[in-house]
Number of protein chains: 2
Amino acid sequence: MIEDYKKFDKSIPCPVRTLMDRIGDKWVVLVISTLGEKGTMRFNQLHEMIGDISQKMLTVTLKKLQEDGLVSRKMYQEIPPRVEYTLTAMGESLLPHITGLEQWAVANMSGIQQSRQQYLSAK
Amino acid sequence: MIEDYKKFDKSIPCPVRTLMDRIGDKWVVLVISTLGEKGTMRFNQLHEMIGDISQKMLTVTLKKLQEDGLVSRKMYQEIPPRVEYTLTAMGESLLPHITGLEQWAVANMSGIQQSRQQYLSAK
DNA sequence: TATGTTAGTTACCTTTGGTAAGTCAAAAGT
DNA sequence: ACTTTTGACTTACCAAAGGTAACTAACATA
């Protein structure tokens, strides 16, 4: 039963709130799904693939994902530096849920846009 | 192929970014999954069920969900007012993806917490 | 007359997100 | 010898989103 976890109780950390605190970070889903698609990637590859993320936001996003054990980081002692990011097993296990969301998003994009236009024009 | 949608292109709205702009809102997942569980609910019922959401954040969350066509709002002309919220068909179709995420969250909560502790103590 | 009920709104402050420029250390170009 | 490039970041600074507490409308009840 998931219901029990939904009501807020300050004595117990809620898994849904904990996950959504992370998933809700603006770039987390794009980083995870991009890594999931391409496997291991370097910092700048991710930066270019996603396109509109800043370097700052990419570093903070990757740090949080490492902290949560969803992404692993491998640094090579070279100059210029080389750093590779990969999904951990836990990250991989989250991936299908994220791609599920993405597929829903693609399928329902036009429905959402229609609804937004109607809502605005009804004002 | 979802890949094409992941790279940012300002001329086409990206479904993943569009959805995550909404899903990423701190309370959206909790509101949708609570409505999905209980069916129709009134404003204060949602407020009490979730527990730690403010009235302001509940109203802005519900407004955005209406705008996107995920939640419908029915107001009765009574005093004190009565307003009922329900998932639309589109909202219902999103629900399984959200409960999938929640189940993952419940199953992996301890793994995430362990990882966070290790990360912090390694500093 | 004061109090409660429901679904909000408003004013205000804090936290998060975003932009642009700077850093580091070495190799490669001129 | 001096400047530029490279990759993976920081830092300083500004804008947007989120949070809190108090206030509102309109009537019913004590």
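To find a chain, count down the sequence lines: A is the first, B the second, and so on, and within it residues start at 1.
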Practice task
Let me know, please, whether Gln55(A) or Asp25(A) comes out on the 5' side of the other along DNA chain C by nearest nucleotide.
Solution key: Asp25(A)

Exercise for the section: Would you kindly give the CZ-to-C1' distance between Arg17(B) and dG17(C), to the nearest whole Å? Expected result: 15 Å

Exercise for the section: Could you state whether Leu65(A) and Met75(A) fall into the same hydrophobic cluster, counting links through intermediate Ile, Leu, Val, Met, Phe, Trp or Tyr residues with side-chain heavy atoms under 4.5 angstrom apart? Expected result: yes

Problem - Nucleotide dG18(D), atom P - distance to NZ of Lys26(A) in whole Å - result: 11 Å

Problem - Presence of Lys63(B) side-chain N/O under 4.0 Å of dT9(C) phosphate oxygens OP1/OP2 - result: yes

Problem - Nearest-nucleotide comparison on DNA chain D, the residue closer to the 5′ end among Leu62(A) and Pro80(A) - result: Pro80(A)

Exercise for the section: Nearest whole angstrom, please: distance from the P of dT9(C) to the NE2 of His47(B). Expected result: 14 Å

Handout entry: Atom pair distance, as rounded to whole Å: CG in Leu30(A) and P in dG18(C)
Key = 12 Å

Practice task
Round to the nearest Å and state the distance from Glu78(B) atom CD to dG4(C) atom P.
Solution key: 22 Å

Exercise for the section: With Leu35(A) as reference, evaluate Leu46(A), Leu95(A), Thr86(A) under the side-chain contact (heavy atoms from CB on, under 4.5 Å) test and give the passing residue. Expected result: Leu46(A)

Handout entry: Nearest-Å distance for atom pair CE/C1', residues Met41(B) and dT6(C)
Key = 15 Å

Fill in the blank from the handout: So NZ of Lys64(A) and CG of Leu70(A): to nearest 0.5 Å the spacing works out to 13.0 Å

Practice task
Look at the side-chain N and O atoms of Arg42(B) and state whether any lies under 4.0 Å from the OP1 or OP2 oxygen of dA7(C).
Solution key: yes

Handout entry: Of Phe43(A) and Lys64(B), the one whose closest DNA chain D nucleotide lies more 5'
Key = Phe43(A)

Problem - Listed nucleotide nearest any side-chain atom of Ser54(A), set dG18(D), dT19(C), dA7(C) - result: dT19(C)

Exercise for the section: For the pair Ser115(A) (side chain) and Gly111(A) (backbone), establish whether a donor and an acceptor sit closer than 3.5 Å, ignoring hydrogens and angles. Expected result: no

Problem - Phosphate-side-chain proximity, Arg82(B) and dC27(D), N/O vs OP1/OP2 below 4.0 Å - result: no

Exercise for the section: Kindly say if Lys56(B) contacts the phosphate of dA17(D), meaning a side-chain N or O under 4.0 Å from OP1 or OP2. Expected result: no

Problem - Nearest-neighbour nucleotide for the Met57(A) side chain, dG18(D), dC9(D), dG17(C) considered - result: dG17(C)

Practice task
Could you tell me whether Tyr85(B) contacts a base, only the sugar-phosphate backbone, or nothing, with contacts defined as non-hydrogen atoms closer than 4.0 Å?
Solution key: sugar-phosphate

Completion exercise
Rounded to whole Å, CD of Gln66(A) lies from C1' of dA8(D) at a distance of 13 Å

Problem - Between C1' of dT6(C) and NZ of Lys74(B), the distance in whole Å - result: 18 Å

Practice task
Output yes when at least one side-chain N/O atom of Arg73(A) is less than 4.0 Å from OP1 or OP2 of dC9(D), else no.
Solution key: yes

Handout entry: dG17(C) OP1/OP2 closer than 4.0 Å to side-chain N/O of Trp27(A)
Key = no

Handout entry: In one Ile/Leu/Val/Met/Phe/Trp/Tyr side-chain cluster, 4.5 Å: Met109(A), Trp104(A)
Key = no

